[in-house]
Amino acid sequence: MSSKIRYGLLTVIVAAGAISGYLYLHQSDEQTEQVAHAIEYSASSEQPLDGSAQKNSTQMAVELAVQYLESYGDTIADPVTQARLYNERRALMEKYPEDGAHLFESAIETAFPELHENIMVLMANLDRYNTWLDDNELRLHALPTLKQEMEIWQQREAIFGALASQIWGEEESYLEEKSQVFRKKVAHLENANELQLTELAHQLQTSAEEVYGGGMSLQFVGSGALGHALFSLESVQHRLEQMPSDKRQQAINDLRLQLGYSEGAVERMAKQDQIREAKWQKGEVYSAERDALIQRLSGEDLDQALGELREKHFGMAAPTIAREEEDGFYRFDRPRQYGLN
């Protein structure tokens, strides 16, 4: 899937990223008062706590509230700024799987009590949108670009209404312009088969920093865009394809660490890679058996045999595979991209 589809929220980060550091270093008197109010609000609204875990949770929520006020307080009424909080929430839930969602909501209620409900509704809608992207990734990837973009915008408008044009309004202008510059800078890496994987990653990361700014590589990692760009390179896939499976996975892990992913994130992504690998191996067996059936059967006999074959290999996912093949999309015939699919 194109970076525009999978990483649409990156636009929001890029468009406003330059002001975040400024807000942190140049607080107005009004914002200083907001920070103090947030701490007072939290202290007055909390019930007496028992246990260090509760105290730590309360303290963390207050610290996050102050951080969010410093970074987003000046423009928090803008839905674009509110949408930027989605990556903050996602990072928090990744770090604290059990308590991250509660910590985020507590921090938002403390920092922005008057906008708390609106922000949480927006977070829920962004969850719906990203779930839709995940569920439809393969189908969207197979569509022509224009139809792909039309479906994406239709879904955005269905979920967000008029807010969609505000949240993604600068996507066509700012991000596309930057993306074109970035693609030109890294075009020479596409077939640079003579370079080692670590050098390919280094040059890609350097190019991202040159185009988007020195701090943007971390934002790219947070959205997954930099890893997607690296593993989309033909030169990277060429080298990975030549490796034994165990060395290949280690190489992928090392590249992700080099790009700035945390060790925990790399471990989780490696597990996902192994799940994908098992699916591809199953898919190869299925494809060979499907081809054999097509060679010797036809009509209703073929349809019945293919249905049984899909059920055998994919169980509950069999109807999805059948619908894809009816539309002419064969997921195991598409190119394998290690680290991505």
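In this structure, the side chain of Ser106 does not engage the main chain of Ala61 through any donor-acceptor pair within 3.5 Å. Counting only distance, with no hydrogens or angles, the side chain of Ser262 and the backbone of Ala265 share a donor-acceptor pair below 3.5 Å. Under the 3.5 Å distance criterion, the side-chain polar atoms of Gln258 are matched with a main-chain donor or acceptor of Thr198. The backbone N or O of Pro79 lies less than 3.5 Å from no partner atom in the side chain of Gln166, so there is not a single donor-acceptor pair. Side-chain atoms of Lys282 come within 3.5 Å of backbone atoms of His313 as a donor-acceptor pair (strictly under, hydrogens ignored). The backbone N or O of Phe329 sits nowhere less than 3.5 Å from a side-chain atom of Asp327 that would complete a donor-acceptor pair. A side-chain donor-acceptor contact under 3.5 Å links Arg256 to the backbone of Gly339. For the pair Ser71 (side chain) and Tyr68 (backbone), a donor-acceptor distance under 3.5 Å is absent. Checking side-chain atoms of Asp273 against main-chain N and O of Arg268 turns up no donor-acceptor pair under 3.5 Å. A donor-acceptor contact shorter than 3.5 Å is absent between the side chain of Glu190 and the backbone of Leu233.
Here the OG atom belonging to Ser232 is positioned 12.5 Å from the CG atom belonging to Leu189, to the nearest 0.5 angstrom. Put simply, NZ on Lys184 and OG on Ser207 are 14.0 Å apart, with the number rounded to the nearest 0.5 Å. The OG1 atom of Thr110 lies 9.5 Å from the CG atom of Leu64; values are rounded to the nearest 0.5 Å. To the nearest 0.5 Å, the span separating CG on Leu122 from OH on Tyr86 amounts to 10.0 Å.
Ion pairing between a basic and an acidic side chain is recognised when a charged N comes within 4.0 Å of a carboxylate O; Glu324 and Arg331 show such pairing. For Glu277 and Arg336, the salt-bridge test passes: some basic side-chain N is under 4.0 Å from an acidic carboxylate O. At a threshold of 4.0 Å, the pair Asp333-Arg290 counts as salt-bridged, since one of the basic side-chain nitrogens sits closer than that to a carboxylate oxygen. One finds no salt bridge joining Arg248 and Glu241 here, because no Lys/Arg side-chain nitrogen approaches an Asp/Glu carboxylate oxygen to under 4.0 Å.
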Worked verdict on Thr131 versus Arg128 for side chain to side chain contact (heavy atoms under 4.5 Å, CB included): CA-CA 5 Å; Thr131 297; Arg128 286 176 57 201; 5.8 Å; no

Intermediate values then yes/no, side-chain hydrogen bond (donor to acceptor under 3.5 Å, both in side chains), Tyr72 and Glu88: CA-CA 11 Å; Tyr72 308 102; Glu88 299 278 9; 2.4 Å; yes

Asn253/Tyr261 under side chain to side chain contact (heavy atoms under 4.5 Å, CB included): CA gap, chis, key distance, verdict: CA-CA 9 Å; Asn253 294 348; Tyr261 290 89; over 6 Å; no

Residue pair Lys95, Leu92: steps toward the side chain to side chain contact (heavy atoms under 4.5 Å, CB included) verdict: CA-CA 5 Å; Lys95 188 173 183 179; Leu92 198 61; 5.5 Å; no

Steps toward side-chain hydrogen bond (donor to acceptor under 3.5 Å, both in side chains) verdict (Gln250, Asp246): CA-CA 6 Å; Gln250 186 58 54; Asp246 56 339; over 6 Å; no

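For Leu230 against Ala201, the heavy-atom pair with the smallest separation is CD1-CA, 3.8 Å. Here the shortest heavy-atom pairing between Ser57 and Leu103 reads O-CD2, 3.4 Å. Between Glu194 and Arg239 the shortest heavy-atom distance is O-NH2, 3.7 Å. Residues Leu85 and Ile108 share a closest heavy-atom pair of CD1-CD1, 3.9 Å. For the pair Ala229 and Phe182, the tightest heavy-atom approach, listed with the atom from each and the gap, is CB-CE2, 4.3 Å. Minimum interatomic distance between Leu197 and Ala251 (heavy atoms only, all atoms of both residues): CD1-CB, 4.2 Å.
Follow the hydrophobic side-chain contacts under 4.5 Å out from Leu163 and you reach Ile76 in the same cluster. Note on Tyr286 and Trp280: same hydrophobic cluster, where clusters join Ile, Leu, Val, Met, Phe, Trp and Tyr whose side-chain heavy atoms are under 4.5 Å apart, directly or indirectly. When the side chains of ILVMFWY residues are joined at heavy-atom separations under 4.5 Å, either directly or via intervening members, Leu306 and Leu297 end up in a single hydrophobic cluster. In the hydrophobic clustering of this structure, Leu138 does not group with Ile321; members are Ile, Leu, Val, Met, Phe, Trp, Tyr whose side-chain heavy atoms approach within less than 4.5 Å, directly or through other members. Note on Met269: it clusters hydrophobically with Ile252, by side-chain heavy-atom contacts below 4.5 Å among ILVMFWY residues.
Side-chain contact between Gln304 and Leu309 is absent, with no heavy-atom pair separated by less than 4.5 Å. Inter-residue side-chain proximity for His116 and Pro113 is flagged as unmet; no heavy-atom pair is nearer than 4.5 Å. Put simply, the side chain of Leu69 reaches to within 4.5 Å of the side chain of Phe112, judged on heavy atoms. Contact of the Asn341 side chain with the Arg334 side chain is registered, since non-hydrogen atoms from C-beta on lie closer than 4.5 Å. The side-chain heavy atoms of Arg89 and Asp127, taken from C-beta on, include a pair separated by under 4.5 Å. Side-chain contact check for Phe104 versus Met120: some heavy-atom pair is nearer than 4.5 Å. Taking the side chain as every heavy atom from C-beta outward, Ser235 and Leu195 never approach each other to under 4.5 Å. Side-chain contact between Gln205 and Glu209: present, with at least one pair of heavy atoms (C-beta onward) separated by less than 4.5 Å.
The cationic group of Arg156 does not satisfy the cation-pi geometry with Tyr129, failing either the under 6.0 Å distance to the six-membered ring centre or the 45° limit from the ring axis.
Side-chain polar atoms of Gln249 and Gln274 form a donor-acceptor pair below 3.5 angstrom. With hydrogens and angles left out, the side-chain atoms of Gln59 and Glu63 include a donor and acceptor closer than 3.5 Å.
When the shell of 6.0 Å around CD of Glu117 is examined, it contains 12 or fewer heavy atoms from other residues, nucleotides or ligands. A 6.0 Å sphere centred on NE2 of His102 holds no more than 12 heavy atoms belonging to other residues, nucleotides or ligands. Within a 6.0 Å radius of CD in Gln242, other residues, nucleotides and ligands contribute more than 12 heavy atoms. Counting non-hydrogen atoms of other residues, nucleotides and ligands closer than 6.0 Å to CD of Glu98 gives a total of 12 or fewer.
Less than 6.0 angstrom separates the ring centroid of Phe314 from the ring centroid of Phe332.
A search for side-chain contact (heavy atoms from CB on, under 4.5 Å) contacts involving Ala318 returns Arg310, Glu311, not counting sequence neighbours.
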